[in-house]
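Quick caveat, the model's predicted, so the values are computed rather than measured. Each chain gets a letter, A, B and so on, in the order its sequence line appears, and its residues count up from 1.
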Amino acid sequence: MLQIAYIRQNKDKAIERLKIKNFNASELIESIIQKDEQKRKIKSDLDSVLSSQNNIAKEIGLLYKGGKKEAAEQKKEETKLLKQKEKELSDLFDNLEEEINSLIVQLPNTPHELVKPGKTSEDNEIVIEEKIESLGNEFRPHWEICERLKIIDFELGNKITGAGFPVYRNHGAKLQRALINFFLDEATNEGFEEQQVPLFVNEDSAYATGQLPDKEGQMYHIGVDNFYLIPTAEVPITNIFRDVIIEKDKLPIKYVGYTPCFRREAGSYGKDVRGLNRLHQFDKVEIVQIDTPENSYQRLEEMRNYVCKLLSKLGLHYRVLRLCGGDISFTSAMTYDMEVYSKGQDRWLEVSSVSNFETFQSNRLKLRYRDEERKTQLLHTLNGSALALPRIVASILENNNTKDGVIIPKCLTKYTGFEIIKY
RNA sequence: GGAGAGAUGGCAGAGCGGUUUAAUGCGGCGGUCUUGAAAACCGUUGUGGGUAACACCACCGGGGGUUCGAAUCCCUCUCUCUCCGCCA
(Lines give C-alpha, C1' and ligand atoms only; values in the text may rest on other atoms or scores of the structure.)
Protein backbone atom coordinates (compact mmCIF):
# COMPACT_ATOMS: atom_id res chain seq x y z
CA MET A 1 0.00 0.00 0.00
CA LEU A 2 1.37 3.41 -0.97
CA GLN A 3 1.71 6.01 1.76
CA ILE A 4 -0.80 8.80 1.83
CA ALA A 5 1.92 11.33 2.58
CA TYR A 6 3.88 10.17 -0.45
CA ILE A 7 0.85 10.49 -2.72
CA ARG A 8 0.12 13.92 -1.39
CA GLN A 9 3.64 15.19 -1.94
CA ASN A 10 4.43 13.44 -5.20
CA LYS A 11 1.11 13.39 -6.96
CA ASP A 12 2.33 13.99 -10.51
CA LYS A 13 5.35 11.79 -10.17
CA ALA A 14 3.23 8.92 -8.85
CA ILE A 15 0.77 9.22 -11.72
CA GLU A 16 3.65 9.31 -14.19
CA ARG A 17 5.35 6.27 -12.66
CA LEU A 18 2.14 4.26 -12.57
CA LYS A 19 1.69 4.80 -16.29
CA ILE A 20 4.71 2.53 -16.71
CA LYS A 21 2.52 -0.18 -15.20
CA ASN A 22 -0.19 0.76 -17.68
CA PHE A 23 -2.22 2.05 -14.79
CA ASN A 24 -4.06 5.31 -15.12
CA ALA A 25 -4.10 6.61 -11.59
CA SER A 26 -5.00 10.26 -12.01
CA GLU A 27 -8.67 10.00 -11.07
CA LEU A 28 -8.01 7.66 -8.20
CA ILE A 29 -5.24 9.84 -6.84
CA GLU A 30 -7.23 13.05 -7.19
CA SER A 31 -10.05 11.47 -5.31
CA ILE A 32 -7.77 10.17 -2.58
CA ILE A 33 -6.12 13.53 -2.09
CA GLN A 34 -9.42 15.32 -1.95
CA LYS A 35 -10.90 12.91 0.55
CA ASP A 36 -7.75 13.00 2.60
CA GLU A 37 -7.96 16.76 2.86
CA GLN A 38 -11.55 16.50 4.02
CA LYS A 39 -10.58 13.84 6.46
CA ARG A 40 -7.87 15.90 8.05
CA LYS A 41 -10.16 18.91 8.30
CA ILE A 42 -12.77 16.82 10.04
CA LYS A 43 -10.18 15.29 12.29
CA SER A 44 -9.10 18.67 13.54
CA ASP A 45 -12.73 19.69 14.19
CA LEU A 46 -13.33 16.43 15.95
CA ASP A 47 -10.21 16.89 18.05
CA SER A 48 -11.37 20.27 19.30
CA VAL A 49 -14.78 18.84 20.22
CA LEU A 50 -13.08 16.06 22.13
CA SER A 51 -10.82 18.55 23.78
CA SER A 52 -13.82 20.59 25.00
CA GLN A 53 -15.45 17.46 26.32
CA ASN A 54 -12.30 16.51 28.19
CA ASN A 55 -12.15 19.93 29.77
CA ILE A 56 -15.78 19.88 30.86
CA ALA A 57 -15.39 16.43 32.33
CA LYS A 58 -12.46 17.65 34.36
CA GLU A 59 -14.41 20.66 35.58
CA ILE A 60 -17.33 18.48 36.61
CA GLY A 61 -14.95 16.30 38.54
CA LEU A 62 -13.64 19.31 40.42
CA LEU A 63 -17.15 20.64 41.13
CA TYR A 64 -18.23 17.32 42.62
CA LYS A 65 -15.12 17.28 44.70
CA GLY A 66 -15.95 20.76 45.97
CA GLY A 67 -19.48 19.62 46.81
CA LYS A 68 -21.07 21.89 44.20
CA LYS A 69 -23.62 19.43 42.95
CA GLU A 70 -25.99 21.78 41.16
CA ALA A 71 -23.22 23.51 39.28
CA ALA A 72 -21.98 20.10 38.18
CA GLU A 73 -25.42 19.03 36.98
CA GLN A 74 -25.67 22.24 35.03
CA LYS A 75 -22.31 21.63 33.40
CA LYS A 76 -23.52 18.29 32.19
CA GLU A 77 -26.06 20.05 30.01
CA GLU A 78 -23.21 21.62 28.07
CA THR A 79 -21.96 18.29 26.87
CA LYS A 80 -25.21 17.33 25.14
CA LEU A 81 -24.53 19.43 22.06
CA LEU A 82 -20.89 18.44 21.97
CA LYS A 83 -21.76 14.76 22.09
CA GLN A 84 -24.07 15.15 19.16
CA LYS A 85 -21.39 17.00 17.24
CA GLU A 86 -18.85 14.37 18.14
CA LYS A 87 -21.09 11.62 16.81
CA GLU A 88 -21.61 13.42 13.52
CA LEU A 89 -17.95 14.18 13.00
CA SER A 90 -16.67 10.78 13.97
CA ASP A 91 -19.15 9.09 11.63
CA LEU A 92 -17.98 11.32 8.82
CA PHE A 93 -14.40 10.63 9.74
CA ASP A 94 -14.89 6.86 9.82
CA ASN A 95 -16.65 6.87 6.48
CA LEU A 96 -13.96 8.94 4.85
CA GLU A 97 -11.23 6.80 6.27
CA GLU A 98 -12.90 3.69 4.96
CA GLU A 99 -13.39 5.24 1.53
CA ILE A 100 -9.79 6.39 1.34
CA ASN A 101 -8.59 2.99 2.38
CA SER A 102 -10.68 1.23 -0.22
CA LEU A 103 -9.28 3.57 -2.88
CA ILE A 104 -5.68 3.42 -1.82
CA VAL A 105 -5.50 -0.35 -1.89
CA GLN A 106 -6.39 -0.16 -5.57
CA LEU A 107 -3.14 1.66 -6.32
CA PRO A 108 -0.26 -0.56 -7.38
CA ASN A 109 3.26 0.09 -6.20
CA THR A 110 5.17 2.68 -8.20
CA PRO A 111 7.86 1.02 -10.33
CA HIS A 112 11.55 1.86 -10.05
CA GLU A 113 13.12 4.08 -12.70
CA LEU A 114 14.87 1.18 -14.37
CA VAL A 115 11.56 -0.56 -15.05
CA LYS A 116 10.72 -0.06 -18.71
CA PRO A 117 7.24 0.34 -20.13
CA GLY A 118 5.74 -2.69 -21.80
CA LYS A 119 2.58 -4.67 -22.22
CA THR A 120 3.34 -8.35 -21.73
CA SER A 121 6.13 -10.76 -20.88
CA GLU A 122 7.31 -10.30 -24.48
CA ASP A 123 8.59 -6.88 -23.47
CA ASN A 124 10.71 -8.03 -20.55
CA GLU A 125 14.33 -7.08 -20.75
CA ILE A 126 16.87 -9.91 -20.79
CA VAL A 127 19.62 -8.80 -18.42
CA ILE A 128 21.80 -11.89 -18.41
CA GLU A 129 21.76 -15.19 -20.22
CA GLU A 130 24.13 -17.90 -19.14
CA LYS A 131 24.21 -20.82 -21.47
CA ILE A 132 25.36 -23.93 -19.67
CA GLU A 133 25.70 -27.23 -21.51
CA SER A 134 23.32 -29.81 -20.16
CA LEU A 135 24.45 -33.22 -18.97
CA GLY A 136 21.82 -35.13 -20.91
CA ASN A 137 21.25 -36.08 -24.50
CA GLU A 138 17.74 -37.53 -24.66
CA PHE A 139 15.33 -34.68 -24.27
CA ARG A 140 11.75 -35.45 -23.30
CA PRO A 141 9.09 -33.74 -21.22
CA HIS A 142 9.58 -34.52 -17.56
CA TRP A 143 6.19 -36.18 -17.16
CA GLU A 144 7.31 -38.92 -19.53
CA ILE A 145 10.56 -39.33 -17.65
CA CYS A 146 8.71 -39.42 -14.32
CA GLU A 147 6.41 -42.09 -15.53
CA ARG A 148 9.23 -44.30 -16.78
CA LEU A 149 11.33 -43.80 -13.64
CA LYS A 150 8.30 -44.00 -11.34
CA ILE A 151 9.58 -41.06 -9.32
CA ILE A 152 6.63 -38.68 -9.46
CA ASP A 153 3.10 -40.02 -9.65
CA PHE A 154 0.48 -37.54 -10.77
CA GLU A 155 -2.36 -40.08 -10.97
CA LEU A 156 -1.81 -41.16 -7.41
CA GLY A 157 -2.05 -37.58 -6.28
CA ASN A 158 -5.35 -37.31 -8.13
CA LYS A 159 -6.67 -40.23 -6.14
CA ILE A 160 -5.49 -38.97 -2.76
CA THR A 161 -6.37 -35.32 -3.20
CA GLY A 162 -6.90 -34.04 -6.71
CA ALA A 163 -5.09 -32.58 -9.71
CA GLY A 164 -2.01 -30.59 -8.84
CA PHE A 165 -1.00 -32.65 -5.81
CA PRO A 166 1.61 -35.10 -7.09
CA VAL A 167 3.23 -37.84 -5.05
CA TYR A 168 7.03 -37.84 -5.13
CA ARG A 169 8.28 -41.37 -4.76
CA ASN A 170 11.56 -43.07 -4.05
CA HIS A 171 14.37 -41.23 -5.88
CA GLY A 172 11.95 -38.47 -6.76
CA ALA A 173 11.31 -37.82 -3.09
CA LYS A 174 15.02 -38.01 -2.34
CA LEU A 175 15.90 -35.62 -5.13
CA GLN A 176 13.41 -33.15 -3.80
CA ARG A 177 14.70 -33.42 -0.26
CA ALA A 178 18.27 -33.06 -1.51
CA LEU A 179 17.38 -29.86 -3.29
CA ILE A 180 15.70 -28.41 -0.21
CA ASN A 181 18.73 -29.16 1.94
CA PHE A 182 21.09 -27.85 -0.72
CA PHE A 183 19.18 -24.58 -0.98
CA LEU A 184 18.97 -24.13 2.79
CA ASP A 185 22.67 -24.84 3.29
CA GLU A 186 23.68 -22.49 0.49
CA ALA A 187 21.51 -19.72 1.91
CA THR A 188 22.90 -20.25 5.39
CA ASN A 189 26.44 -19.95 4.02
CA GLU A 190 25.38 -16.73 2.37
CA GLY A 191 24.33 -15.30 5.73
CA PHE A 192 20.61 -16.01 5.70
CA GLU A 193 19.16 -17.15 9.00
CA GLU A 194 16.89 -20.17 8.74
CA GLN A 195 13.29 -19.96 9.93
CA GLN A 196 10.55 -22.54 10.26
CA VAL A 197 7.20 -20.87 10.15
CA PRO A 198 3.51 -21.81 10.30
CA LEU A 199 1.88 -22.98 7.09
CA PHE A 200 -1.42 -21.36 8.03
CA VAL A 201 -1.76 -17.66 8.66
CA ASN A 202 -4.53 -15.53 10.07
CA GLU A 203 -6.38 -12.75 8.33
CA ASP A 204 -4.15 -9.99 9.67
CA SER A 205 -1.04 -11.61 8.23
CA ALA A 206 -2.63 -12.22 4.86
CA TYR A 207 -3.72 -8.63 4.76
CA ALA A 208 -0.34 -7.24 5.80
CA THR A 209 1.58 -8.81 2.92
CA GLY A 210 -1.15 -7.94 0.44
CA GLN A 211 -2.79 -11.31 -0.24
CA LEU A 212 -5.99 -9.84 1.10
CA PRO A 213 -8.24 -8.24 0.11
CA ASP A 214 -7.70 -8.69 -3.64
CA LYS A 215 -6.08 -12.13 -4.00
CA GLU A 216 -8.40 -13.98 -1.67
CA GLY A 217 -9.41 -16.49 -4.35
CA GLN A 218 -5.84 -17.67 -4.79
CA MET A 219 -5.52 -18.99 -1.26
CA TYR A 220 -7.00 -22.04 0.37
CA HIS A 221 -9.10 -21.01 3.32
CA ILE A 222 -9.91 -22.97 6.45
CA GLY A 223 -13.35 -21.70 7.33
CA VAL A 224 -13.87 -22.98 10.86
CA ASP A 225 -10.73 -21.34 12.14
CA ASN A 226 -10.47 -18.57 9.57
CA PHE A 227 -6.92 -19.45 8.54
CA TYR A 228 -5.35 -19.25 5.12
CA LEU A 229 -2.86 -21.77 3.76
CA ILE A 230 0.25 -19.89 2.78
CA PRO A 231 0.79 -19.33 -0.95
CA THR A 232 4.46 -18.63 -0.20
CA ALA A 233 6.74 -18.46 2.84
CA GLU A 234 6.97 -14.74 2.17
CA VAL A 235 3.69 -14.33 4.06
CA PRO A 236 4.64 -15.82 7.44
CA ILE A 237 8.30 -14.76 7.27
CA THR A 238 7.55 -11.16 6.42
CA ASN A 239 4.85 -11.09 9.10
CA ILE A 240 7.48 -11.82 11.70
CA PHE A 241 8.10 -8.10 11.31
CA ARG A 242 4.55 -6.87 11.53
CA ASP A 243 4.36 -3.97 14.01
CA VAL A 244 8.07 -4.01 14.62
CA ILE A 245 10.61 -1.22 14.98
CA ILE A 246 14.12 -2.46 14.22
CA GLU A 247 17.27 -0.77 15.42
CA LYS A 248 19.45 0.23 12.51
CA ASP A 249 22.43 -1.82 13.61
CA LYS A 250 20.38 -5.02 13.22
CA LEU A 251 20.01 -4.41 9.48
CA PRO A 252 19.99 -5.94 7.00
CA ILE A 253 17.69 -8.76 8.05
CA LYS A 254 18.38 -11.85 5.98
CA TYR A 255 16.03 -14.79 6.49
CA VAL A 256 15.53 -18.03 4.63
CA GLY A 257 12.76 -20.56 5.05
CA TYR A 258 11.60 -23.73 3.43
CA THR A 259 7.86 -24.36 3.24
CA PRO A 260 5.33 -26.08 1.08
CA CYS A 261 3.19 -23.53 -0.73
CA PHE A 262 -0.49 -23.82 -1.53
CA ARG A 263 -2.18 -22.11 -4.43
CA ARG A 264 -5.63 -22.61 -5.81
CA GLU A 265 -4.55 -21.43 -9.28
CA ALA A 266 -8.15 -20.93 -10.27
CA GLY A 267 -8.56 -20.55 -13.99
CA SER A 268 -5.22 -22.06 -15.08
CA TYR A 269 -5.26 -24.62 -17.87
CA GLY A 270 -3.40 -26.13 -20.83
CA LYS A 271 0.30 -26.85 -21.25
CA ASP A 272 1.14 -24.45 -18.45
CA VAL A 273 -0.30 -26.84 -15.91
CA ARG A 274 1.01 -30.07 -17.35
CA GLY A 275 3.19 -32.16 -15.06
CA LEU A 276 5.15 -30.09 -12.58
CA ASN A 277 4.67 -26.79 -14.35
CA ARG A 278 1.93 -25.55 -12.08
CA LEU A 279 0.75 -27.24 -8.90
CA HIS A 280 -1.62 -26.62 -6.03
CA GLN A 281 1.00 -27.74 -3.55
CA PHE A 282 4.71 -27.33 -4.11
CA ASP A 283 7.90 -26.79 -2.17
CA LYS A 284 9.91 -23.64 -2.13
CA VAL A 285 12.86 -22.13 -0.33
CA GLU A 286 12.32 -18.44 0.08
CA ILE A 287 14.76 -15.69 0.97
CA VAL A 288 13.63 -12.45 2.57
CA GLN A 289 15.65 -9.30 3.17
CA ILE A 290 14.82 -6.12 5.00
CA ASP A 291 16.94 -3.01 4.76
CA THR A 292 16.89 0.77 4.62
CA PRO A 293 15.75 2.63 1.51
CA GLU A 294 19.36 3.62 0.71
CA ASN A 295 20.54 0.01 0.65
CA SER A 296 17.61 -1.94 -0.67
CA TYR A 297 18.58 -1.97 -4.34
CA GLN A 298 22.01 -3.21 -3.48
CA ARG A 299 20.27 -6.02 -1.59
CA LEU A 300 18.14 -6.77 -4.64
CA GLU A 301 21.25 -7.15 -6.80
CA GLU A 302 22.80 -9.44 -4.20
CA MET A 303 19.74 -11.62 -4.18
CA ARG A 304 19.67 -11.76 -7.94
CA ASN A 305 23.33 -12.77 -8.06
CA TYR A 306 22.80 -15.31 -5.36
CA VAL A 307 19.99 -17.04 -7.26
CA CYS A 308 22.13 -17.02 -10.42
CA LYS A 309 24.91 -18.70 -8.50
CA LEU A 310 22.53 -21.47 -7.44
CA LEU A 311 21.42 -22.04 -11.02
CA SER A 312 25.03 -22.17 -12.19
CA LYS A 313 25.88 -24.73 -9.55
CA LEU A 314 22.94 -26.82 -10.69
CA GLY A 315 24.29 -26.60 -14.22
CA LEU A 316 21.12 -25.17 -15.71
CA HIS A 317 20.99 -22.88 -18.70
CA TYR A 318 19.29 -19.77 -17.39
CA ARG A 319 18.49 -16.18 -18.09
CA VAL A 320 17.52 -13.20 -15.98
CA LEU A 321 14.75 -10.87 -16.98
CA ARG A 322 13.94 -7.49 -15.62
CA LEU A 323 10.17 -7.38 -15.80
CA CYS A 324 8.58 -4.59 -17.75
CA GLY A 325 5.83 -2.40 -16.38
CA GLY A 326 3.13 -4.58 -17.84
CA ASP A 327 4.42 -7.83 -16.37
CA ILE A 328 5.60 -6.72 -12.95
CA SER A 329 3.33 -7.53 -10.04
CA PHE A 330 0.96 -5.14 -8.35
CA THR A 331 3.05 -4.93 -5.19
CA SER A 332 6.55 -4.83 -6.65
CA ALA A 333 8.74 -1.83 -7.51
CA MET A 334 11.25 -3.94 -9.39
CA THR A 335 11.38 -7.63 -10.17
CA TYR A 336 13.87 -9.98 -11.73
CA ASP A 337 12.60 -13.29 -12.99
CA MET A 338 14.96 -16.19 -13.45
CA GLU A 339 14.06 -18.66 -16.12
CA VAL A 340 15.61 -22.00 -16.89
CA TYR A 341 15.65 -23.44 -20.35
CA SER A 342 14.09 -26.85 -20.20
CA LYS A 343 14.96 -28.91 -23.22
CA GLY A 344 12.30 -31.57 -22.99
CA GLN A 345 9.53 -29.05 -23.30
CA ASP A 346 11.66 -26.68 -25.35
CA ARG A 347 10.61 -23.70 -23.28
CA TRP A 348 11.73 -21.33 -20.55
CA LEU A 349 10.42 -22.10 -17.10
CA GLU A 350 10.23 -19.43 -14.42
CA VAL A 351 12.02 -20.76 -11.37
CA SER A 352 12.53 -17.64 -9.31
CA SER A 353 11.32 -14.15 -8.95
CA VAL A 354 13.10 -11.63 -6.75
CA SER A 355 11.50 -8.33 -5.95
CA ASN A 356 11.95 -5.13 -4.06
CA PHE A 357 8.66 -3.94 -2.61
CA GLU A 358 10.19 -0.79 -1.20
CA THR A 359 7.73 0.48 1.43
CA PHE A 360 4.64 -1.03 -0.16
CA GLN A 361 4.52 -3.94 2.28
CA SER A 362 6.17 -2.27 5.24
CA ASN A 363 3.53 0.43 5.21
CA ARG A 364 0.86 -2.13 5.97
CA LEU A 365 3.14 -4.15 8.19
CA LYS A 366 4.14 -1.03 10.12
CA LEU A 367 7.71 -2.21 9.81
CA ARG A 368 10.09 0.61 10.68
CA TYR A 369 13.59 1.47 11.83
CA ARG A 370 15.04 4.44 13.66
CA ASP A 371 17.17 6.80 11.67
CA GLU A 372 20.07 8.94 12.93
CA GLU A 373 17.64 11.37 14.50
CA ARG A 374 15.83 8.50 16.27
CA LYS A 375 12.80 9.07 14.06
CA THR A 376 10.94 6.05 12.76
CA GLN A 377 11.01 5.39 9.02
CA LEU A 378 9.52 2.64 6.93
CA LEU A 379 11.92 -0.07 5.80
CA HIS A 380 12.15 -1.74 2.43
CA THR A 381 11.19 -5.39 2.12
CA LEU A 382 12.52 -7.77 -0.52
CA ASN A 383 12.04 -11.40 -1.24
CA GLY A 384 12.73 -14.06 -3.77
CA SER A 385 12.55 -17.76 -4.42
CA ALA A 386 15.81 -19.59 -3.95
CA LEU A 387 14.39 -21.68 -5.36
CA ALA A 388 10.98 -23.05 -6.31
CA LEU A 389 11.33 -26.81 -6.45
CA PRO A 390 9.02 -28.33 -9.07
CA ARG A 391 10.34 -26.54 -12.13
CA ILE A 392 13.91 -27.08 -11.01
CA VAL A 393 13.13 -30.77 -10.70
CA ALA A 394 11.46 -30.67 -14.10
CA SER A 395 14.41 -29.03 -15.79
CA ILE A 396 16.98 -31.29 -14.13
CA LEU A 397 14.99 -34.27 -15.37
CA GLU A 398 14.60 -32.85 -18.85
CA ASN A 399 18.11 -31.49 -19.34
CA ASN A 400 20.03 -34.32 -17.71
CA ASN A 401 18.23 -37.26 -19.24
CA THR A 402 20.31 -39.96 -20.95
CA LYS A 403 19.46 -43.43 -22.20
CA ASP A 404 20.69 -44.83 -18.86
CA GLY A 405 18.82 -42.42 -16.64
CA VAL A 406 18.85 -38.91 -15.22
CA ILE A 407 22.22 -37.58 -14.08
CA ILE A 408 22.17 -35.73 -10.76
CA PRO A 409 24.05 -32.39 -10.72
CA LYS A 410 27.38 -32.70 -8.92
CA CYS A 411 26.43 -30.22 -6.19
CA LEU A 412 23.54 -32.46 -5.14
CA THR A 413 25.11 -35.88 -4.99
CA LYS A 414 26.32 -35.50 -1.42
CA TYR A 415 22.68 -34.87 -0.51
CA THR A 416 21.08 -37.55 -2.66
CA GLY A 417 23.65 -40.27 -2.14
CA PHE A 418 23.27 -41.32 -5.77
CA GLU A 419 24.63 -39.86 -9.01
CA ILE A 420 22.05 -41.09 -11.43
CA ILE A 421 18.43 -42.18 -11.34
CA LYS A 422 18.62 -45.28 -13.48
CA TYR A 423 16.06 -46.70 -15.87
C1' G B 1 -13.09 -30.75 25.26
C1' G B 2 -14.36 -29.25 30.91
C1' A B 3 -13.28 -25.75 35.18
C1' G B 4 -10.80 -21.42 36.87
C1' A B 5 -7.47 -17.05 36.41
C1' G B 6 -5.58 -13.34 33.46
C1' A B 7 -4.05 -9.71 29.08
C1' U B 8 -1.31 -2.43 31.29
C1' G B 9 4.60 1.34 28.05
C1' G B 10 11.42 -2.51 25.81
C1' C B 11 10.75 -5.90 30.31
C1' A B 12 8.76 -6.55 35.35
C1' G B 13 4.62 -4.62 37.86
C1' A B 14 0.84 -1.02 40.56
C1' G B 15 -3.69 1.22 39.42
C1' C B 16 -10.29 -1.45 39.59
C1' G B 17 -14.98 5.38 37.92
C1' G B 18 -12.46 11.85 38.33
C1' U B 19 -5.03 16.22 39.28
C1' U B 20 -3.17 9.11 35.73
C1' U B 21 -1.50 13.48 29.66
C1' A B 22 -0.41 5.35 33.87
C1' A B 23 2.98 4.92 40.12
C1' U B 24 7.44 2.21 41.03
C1' G B 25 11.61 -0.93 39.68
C1' C B 26 14.82 -2.79 35.77
C1' G B 27 16.77 -1.78 31.09
C1' G B 28 18.11 2.25 27.31
C1' C B 29 20.03 7.27 26.42
C1' G B 30 22.51 11.98 28.26
C1' G B 31 25.27 14.11 32.29
C1' U B 32 28.12 14.72 37.21
C1' C B 33 32.14 12.20 39.65
C1' U B 34 36.71 9.16 37.74
C1' U B 35 43.23 8.41 34.52
C1' G B 36 39.41 4.83 32.64
C1' A B 37 35.47 1.77 34.30
C1' A B 38 32.05 0.23 38.11
C1' A B 39 29.05 2.17 41.96
C1' A B 40 26.36 6.43 43.41
C1' C B 41 23.67 10.74 42.11
C1' C B 42 20.86 14.08 38.54
C1' G B 43 18.09 14.34 34.11
C1' U B 44 15.69 11.83 30.15
C1' U B 45 13.18 7.73 27.86
C1' G B 46 6.16 4.72 23.96
C1' U B 47 3.39 4.91 19.02
C1' G B 48 0.46 7.47 15.62
C1' G B 49 -2.17 11.99 14.00
C1' G B 50 -1.69 17.33 14.09
C1' U B 51 1.30 22.25 14.11
C1' A B 52 6.14 26.70 11.41
C1' A B 53 6.74 25.42 16.56
C1' C B 54 3.49 24.84 20.59
C1' A B 55 -1.34 23.58 21.80
C1' C B 56 -4.33 19.67 21.07
C1' C B 57 -6.30 14.43 19.85
C1' A B 58 -6.15 8.99 19.88
C1' C B 59 -4.07 4.42 21.84
C1' C B 60 -3.73 0.20 28.80
C1' G B 61 -5.25 -7.46 23.82
C1' G B 62 -9.46 -6.45 19.39
C1' G B 63 -14.58 -4.67 18.75
C1' G B 64 -19.05 -2.61 20.96
C1' G B 65 -21.75 -0.38 25.22
C1' U B 66 -22.89 2.46 30.09
C1' U B 67 -21.26 7.53 32.01
C1' C B 68 -20.39 14.56 32.14
C1' G B 69 -15.88 11.40 32.71
C1' A B 70 -13.48 4.38 31.67
C1' A B 71 -7.01 1.18 32.10
C1' U B 72 -10.90 0.81 35.95
C1' C B 73 -18.08 -1.08 35.10
C1' C B 74 -21.05 -4.21 31.27
C1' C B 75 -21.27 -7.28 26.59
C1' U B 76 -18.50 -9.85 22.92
C1' C B 77 -14.30 -11.87 20.33
C1' U B 78 -9.18 -13.36 20.38
C1' C B 79 -5.10 -14.95 22.94
C1' U B 80 -2.19 -16.60 27.39
C1' C B 81 -1.63 -19.28 32.00
C1' U B 82 -3.16 -23.16 35.86
C1' C B 83 -5.81 -27.78 36.87
C1' C B 84 -8.48 -32.04 34.63
C1' G B 85 -9.34 -35.04 30.14
C1' C B 86 -7.30 -36.61 25.34
C1' C B 87 -2.86 -37.04 22.53
C1' A B 88 2.25 -37.09 18.35
Side-chain angles (χ1 to χ4, degrees), chain A residues 1-9 32-101 103-104 196-208 212-213 221-228 236 239-251 253 260 359 361-379:
Chain A
M1 188 163 70
L2 291 175
Q3 296 164 81
I4 261 277
Y6 169 82
I7 296 172
R8 215 157 53 206
Q9 286 152 26
I32 289 168
I33 290 177
Q34 189 219 328
K35 283 179 198 302
D36 180 58
E37 243 162 64
Q38 277 179 48
K39 186 185 104 170
R40 286 185 299 150
K41 170 80 176 63
I42 287 167
K43 179 69 176 13
S44 100
D45 292 349
L46 178 61
D47 280 357
S48 63
V49 170
L50 289 173
S51 177
S52 310
Q53 284 181 349
N54 287 343
N55 287 333
I56 292 174
K58 265 178 212 156
E59 288 172 31
I60 291 175
L62 288 173
L63 288 173
Y64 272 119
K65 207 162 231 177
K68 296 174 184 152
K69 263 211 165 121
E70 292 106 78
E73 290 300 324
Q74 208 163 6
K75 270 270 174 220
K76 285 190 191 176
E77 291 300 311
E78 288 180 34
T79 63
K80 291 229 168 93
L81 203 70
L82 286 171
K83 284 200 111 179
Q84 198 190 325
K85 193 92 188 140
E86 184 208 330
K87 176 92 175 70
E88 274 170 34
L89 288 170
S90 69
D91 283 352
L92 270 174
F93 180 84
D94 290 347
N95 287 339
L96 274 171
E97 192 166 57
E98 208 172 298
E99 280 176 47
I100 291 167
N101 198 42
L103 294 177
I104 208 165
Q196 276 191 16
V197 289
L199 305 182
F200 304 166
V201 294
N202 60 30
E203 230 175 326
D204 287 347
S205 295
Y207 181 79
L212 295 178
H221 181 231
I222 300 175
V224 259
D225 296 299
N226 199 21
F227 291 145
Y228 292 89
N239 267 284
I240 292 173
F241 297 97
R242 175 148 49 88
D243 280 315
V244 166
I245 299 175
I246 301 177
E247 291 303 329
K248 210 176 170 190
D249 59 9
K250 300 277 190 302
L251 297 169
I253 302 286
T359 60
Q361 285 184 326
S362 61
N363 189 29
R364 270 200 204 170
L365 287 163
K366 297 199 181 67
L367 165 57
R368 292 154 295 172
Y369 73 104
R370 287 186 209 282
D371 65 15
E372 286 73 14
E373 286 144 35
R374 304 288 298 161
K375 284 179 111 178
T376 58
Q377 306 281 356
L378 291 176
L379 280 160

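- Atom CG of Asp94(A) and atom C1' of C57(B) are 14 Å apart (whole Å).
- Looking at which nucleotide of RNA chain B each of Ala57(A) and Lys75(A) is closest to, the 5′-most match is held by Ala57(A).
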side-chain contact (heavy atoms from CB on, under 4.5 Å) evaluation trace for Ile240(A) with Ile253(A): CA-CA 11 Å; Ile240(A) 292 173; Ile253(A) 302 286; over 6 Å; no
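- Distance Asp243(A) CG to G62(B) P: 11 Å, rounded to the nearest Å.
- A distance of about 15 Å separates the P atoms of A70(B) and G61(B), rounded to the whole Å.
- Taking 4.0 Å as the cut-off between side-chain N and carboxylate O, Lys83(A) and Glu86(A) do not count as a salt-bridged pair.
- Look at the P atom in both G63(B) and U8(B): the space between them is 16 Å, to the nearest Å.
- Nucleotides G65(B) and C79(B) place their P atoms 24 Å apart, quoted to the nearest Å.
- The same atom, C1', is picked in G48(B) and in A39(B); the two are 39 Å apart, to the nearest Å.
- Listed by first residue number, the stems of RNA chain B with at least three Watson-Crick or G-U pairs below 3.5 Å are B:1-7 with B:78-84, B:10-12 with B:24-26, B:27-32 with B:40-45, B:46-49 with B:56-59, B:61-65 with B:73-77.
- Atom CD of Glu77(A) is separated from atom P of C68(B) by 10 Å (rounded to the nearest Å).
- In this entry the distance linking CG of Asn55(A) with C1' of U21(B) reads 12 Å, nearest Å.
- Residues Leu62(A) and Glu86(A) both approach RNA chain B. Their nearest nucleotides, taken by heavy-atom distance, put Leu62(A) toward the 5′ side.
- Among the heavy atoms of the strands lying under 4.0 Å from Leu50(A) are primed sugar atoms or P, OP1, OP2 only; no base atom is included.
- One interatomic measurement links the two molecules: NZ of Lys58(A) to C1' of U19(B), which rounds to 8 Å at whole-angstrom precision.
- Using a distance-only test at 3.5 Å, with no hydrogens or angles considered, a donor-acceptor pair links the side chain of Ser362(A) to the main chain of Leu379(A).
- The NZ atom of Lys83(A) sits 4 Å away from the P atom of G69(B) (whole-angstrom rounding).
- Side-chain polar atoms of Asp47(A) and Ser44(A) form no donor-acceptor pair below 3.5 angstrom.
- Put simply, the side chain of Ser52(A) gets close to the backbone of Ser48(A): a donor and an acceptor are under 3.5 Å apart.
- The CD atom of Gln53(A) sits 12.0 Å away from the NZ atom of Lys85(A) when rounded to the nearest 0.5 Å.
- C77(B) atom P lies 18 Å from atom CG of Asp204(A), rounded to whole Å.
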Base-contact (B) and sugar-phosphate-only (S) positions in nucleotides 43-56 of chain B, heavy-atom cut-off under 4.0 Å, - elsewhere: ----SSBS-----S
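- The separation between Asp45(A) atom CG and A58(B) atom P is 15 Å, rounded to whole Å.
- For the C1' atom pair drawn from C16(B) and C60(B), the interatomic distance equals 13 Å after rounding to whole Å.
- Nucleotides U66(B) and C29(B) place their P atoms 47 Å apart, quoted to the nearest Å.
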Trace of the side-chain contact (heavy atoms from CB on, under 4.5 Å) decision for His221(A) with Asn226(A): CA-CA 7 Å; His221(A) 181 231; Asn226(A) 199 21; 2.8 Å; yes
Criterion side-chain contact (heavy atoms from CB on, under 4.5 Å) on Asn363(A) and Leu2(A), from CA distance to verdict: CA-CA 7 Å; Asn363(A) 189 29; Leu2(A) 291 175; 5.8 Å; no
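- More than 12 heavy atoms of other residues, nucleotides or ligands lie within 6.0 Å of CD1 in Ile245(A), so this atom counts as buried by the packing criterion.
- Of the C1' atoms belonging to G69(B) and U19(B), the separation is 14 Å, rounded to the nearest Å.
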Working for side-chain contact (heavy atoms from CB on, under 4.5 Å), residues Arg8(A) and Arg40(A): CA-CA 13 Å; Arg8(A) 215 157 53 206; Arg40(A) 286 185 299 150; 3.3 Å; yes
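- Going from the C1' atom of U67(B) to that of A55(B) covers 28 Å, rounded to whole Å.
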